[in-house]
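The figures here come from the full heavy-atom set of this structure, side chains too, leaving out hydrogens, waters and symmetry mates. Bear in mind the structure is a predicted one, so any value in this text is a computation, not a measurement. Here is the naming used below: chain letters follow the sequence lines, and residue numbers restart at 1 for every chain.
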Number of protein chains: 2
Amino acid sequence: MALRYALLAALNETPATGYELSQRFRTRLAHVWNASHQQIYRELGKLHEEGLVSAETIPQADKPDRKPYHVTDTGRTALRTWLATPQPRPATRDPLLVKLFAGDCLDGAAMAEELAGLRQHYRNRLRAYRDIEATWFKDPATLPRRYRLQHLALRRGILGAETWLRWLDEAQQAFSGTDAD
Amino acid sequence: MALRYALLAALNETPATGYELSQRFRTRLAHVWNASHQQIYRELGKLHEEGLVSAETIPQADKPDRKPYHVTDTGRTALRTWLATPQPRPATRDPLLVKLFAGDCLDGAAMAEELAGLRQHYRNRLRAYRDIEATWFKDPATLPRRYRLQHLALRRGILGAETWLRWLDEAQQAFSGTDAD
DNA sequence: TCGATCATGTAACAGGTTACATGATTTT
DNA sequence: AAAATCATGTAACCTGTTACATGATCGA
């Protein structure tokens, strides 16, 4: 359900083609919602059928046609309605934690390697987020509301990554050395 | 993919019926992996077909039959193989953060209420986790490996909930007062 | 010339949710 | 007497993933 509203929100910010949207999801929205281009095109099709977005096909000489979408009034209303409805928290589903429940079947050395990879992963994310924060949200208090809200989402990404790193400090200690006991 | 290994891990710990498994997923595994009873029965069926688990039906006088499953050797091997394979991080998909991206369409008062609910939610979780920690993992260093690993998963739940509460401190400030600007 | 990126899709499948079904036992 | 919990499922649907398809342009 939420994908369609993520699309509406993104298009409400700026009209865009499917391709441009899929880029935004990969970059600016990566810490918010993930979606592949296939999913995006499919959902855009449905939104179009239902009249929540509309599109003009702009033919281009010697280039494939552009097909930018924008939100209709109906779409904006639907978005507002959804926004006002409290959403349940997403379910927790983490394969890494499943592994920790496997107990004696778990090989310590393999797990130690995986945790090292994880640390790298979250270190990279954290650096990327902090870069964005430093360049775009320098002085949050003076920002217009829109950007303050986006900053809040970014903050969530930052705190999340920091917490994973702190957890890794605990976890790697448990897997360090000779995997004793 | 991971659900089947969560089931194998749970059954490897202790054999159980579908019903008992769905209870464990709701309680002890809630911070690790969520699964409904429908999903569990379906997956158990597949695992049985593929010979990774086996079951005896135990008829009971004046009660519905019990059908406890346990992991076979094939199952245990499959579990070990999966455990040794690094898993990609799950994609981020949070409707709450989507809302923050909707910018000017977002109603501040409604959001403030939702955030208040969230705070309650994570406060409850945190208390529950800490209770479990205090009663079952009093002295982690002396615990056998199995339980140290489960403790690590619980720690992840605790740190996660604490972080949400800290984020809420930042977020609620932004939505407090008269939703100005 | 080869691979990457631009640009838009279709099709099949796997995983997860919602709704429905049934019947006994225990608690309020 | 009604509601919750025990206990086991089926069916339809929605969402997300993987694989495939096509063709142009641009930089190494």
Side-chain angles (χ1 to χ4, degrees), chain A residues 1-8 11 15-27 29-30 32-50 53 55-69 82 87-95 98, chain B residues 1-8 11 15-27 29-30 32-50 53 55-69 82 87-95 98:
Chain A
M1 255 302 87
L3 170 59
R4 57 173 34 204
Y5 299 103
L7 286 167
L8 289 174
L11 289 175
T17 66
Y19 187 79
E20 285 159 0
L21 284 168
S22 90
Q23 282 180 131
R24 271 199 248 171
F25 273 78
R26 242 187 299 119
T27 55
L29 280 162
V32 168
W33 196 273
N34 290 97
S36 62
H37 80 273
Q38 293 91 333
Q39 237 191 317
I40 290 170
Y41 283 117
R42 181 172 61 186
E43 195 66 31
L44 281 174
K46 281 195 218 165
L47 287 168
H48 193 210
E49 264 180 41
E50 296 170 38
V53 303
E56 318 95 274
T57 305
I58 302 173
Q60 297 188 114
D62 67 289
K63 271 193 179 183
D65 299 353
R66 273 174 56 81
K67 201 165 133 193
Y69 291 87
W82 181 79
Q87 298 302 311
R89 293 278 65 212
T92 311
R93 285 200 186 91
D94 191 330
V98 170
Chain B
M1 255 304 84
L3 170 60
R4 56 173 33 205
Y5 298 105
L7 286 167
L8 289 174
L11 289 176
T17 66
Y19 188 80
E20 284 159 1
L21 284 167
S22 92
Q23 282 180 131
R24 271 199 248 172
F25 273 79
R26 242 187 298 120
T27 55
L29 281 162
V32 168
W33 195 273
N34 289 97
S36 62
H37 80 274
Q38 293 90 333
Q39 238 191 315
I40 290 169
Y41 283 116
R42 182 170 60 186
E43 195 65 31
L44 280 175
K46 281 196 217 165
L47 287 168
H48 194 209
E49 264 180 43
E50 296 170 39
V53 302
E56 320 96 273
T57 305
I58 300 174
Q60 298 189 111
D62 68 287
K63 270 194 179 182
D65 298 354
R66 272 173 57 81
K67 201 166 135 193
Y69 291 86
W82 181 79
Q87 297 303 312
R89 292 278 67 210
T92 312
R93 285 200 187 92
D94 192 330
V98 169

Between CZ of Arg42(B) and P of dA12(D) the distance, given in whole Å, is 13 Å
query = Counting only N and O atoms by type, is there a donor-acceptor contact under 3.5 Å from the side chain of Asp94(A) to the main-chain atoms of Val32(B)?
reply = no
Atom CD of Gln87(A) and atom P of dT15(D) are separated, to the nearest Å, by 12 Å
Of Leu3(A) and Thr17(B), the one whose nearest nucleotide on DNA chain D sits closer to the 5' end is Thr17(B)
Quick note, Gln23(B) side chain, CB onward, closest among dA12(D), dC20(C), dC6(D) is dC6(D)
From CZ of Phe25(B) across to P of dG16(C) the rounded distance in Å is 11 Å
| With a 4.0 Å cut-off on heavy atoms, is Gln38(A) in touch with a base, just the backbone sugar-phosphate, or nothing at all? | base
Judged by nearest nucleotide, the residue sitting upstream toward the 5' end of DNA chain D, Tyr69(B) or Ala2(A), is Tyr69(B)
Aromatic ring pairing Tyr69(B)/His48(B), orientation class (parallel under 30°, perpendicular over 60°, tilted between): perpendicular
Rounded to whole Å, CD1 of Ile40(A) lies from P of dG16(D) at a distance of 11 Å
Between OH of Tyr5(A) and P of dC14(D) the distance, given in whole Å, is 14 Å
Here the distance between atom P of dG9(C) and atom CG of Leu44(A), to the nearest Å, is 9 Å
Note: Arg24(B) and Pro15(B) closest approach over all heavy atoms is NH2-O, 4.1 Å
Would you tell me if any nitrogen or oxygen in the side chain of Ser36(B) comes within less than 4.0 Å of OP1 or OP2 on dT18(C)? no
Decide yes or no for Trp33(B) and Leu3(B): does some side-chain heavy atom of the first lie under 4.5 Å from some side-chain heavy atom of the second?
yes
* Are OP1 or OP2 of dT15(D) and a side-chain N or O of Lys46(A) less than 4.0 angstrom apart? -> yes
Whichever of His37(A) and Arg93(A) has the more 5' nearest nucleotide on DNA chain C, that residue is His37(A)
Rounded to whole Å, CE of Met1(B) lies from C1' of dG16(C) at a distance of 14 Å
Against the side chain of Tyr19(A), the closest entry in dT15(D), dC6(C), dT18(C) is dC6(C)
Distance test, side-chain N/O of Tyr41(B) to OP1/OP2 of dG9(D), below 4.0 Å
no
From CG of Leu21(B) across to C1' of dA7(D) the rounded distance in Å is 13 Å
Notebook entry, point to check: Under a 4.5 Å cut-off applied to non-hydrogen side-chain atoms, are Leu21(B) and Thr17(B) in contact?
Noted result: no
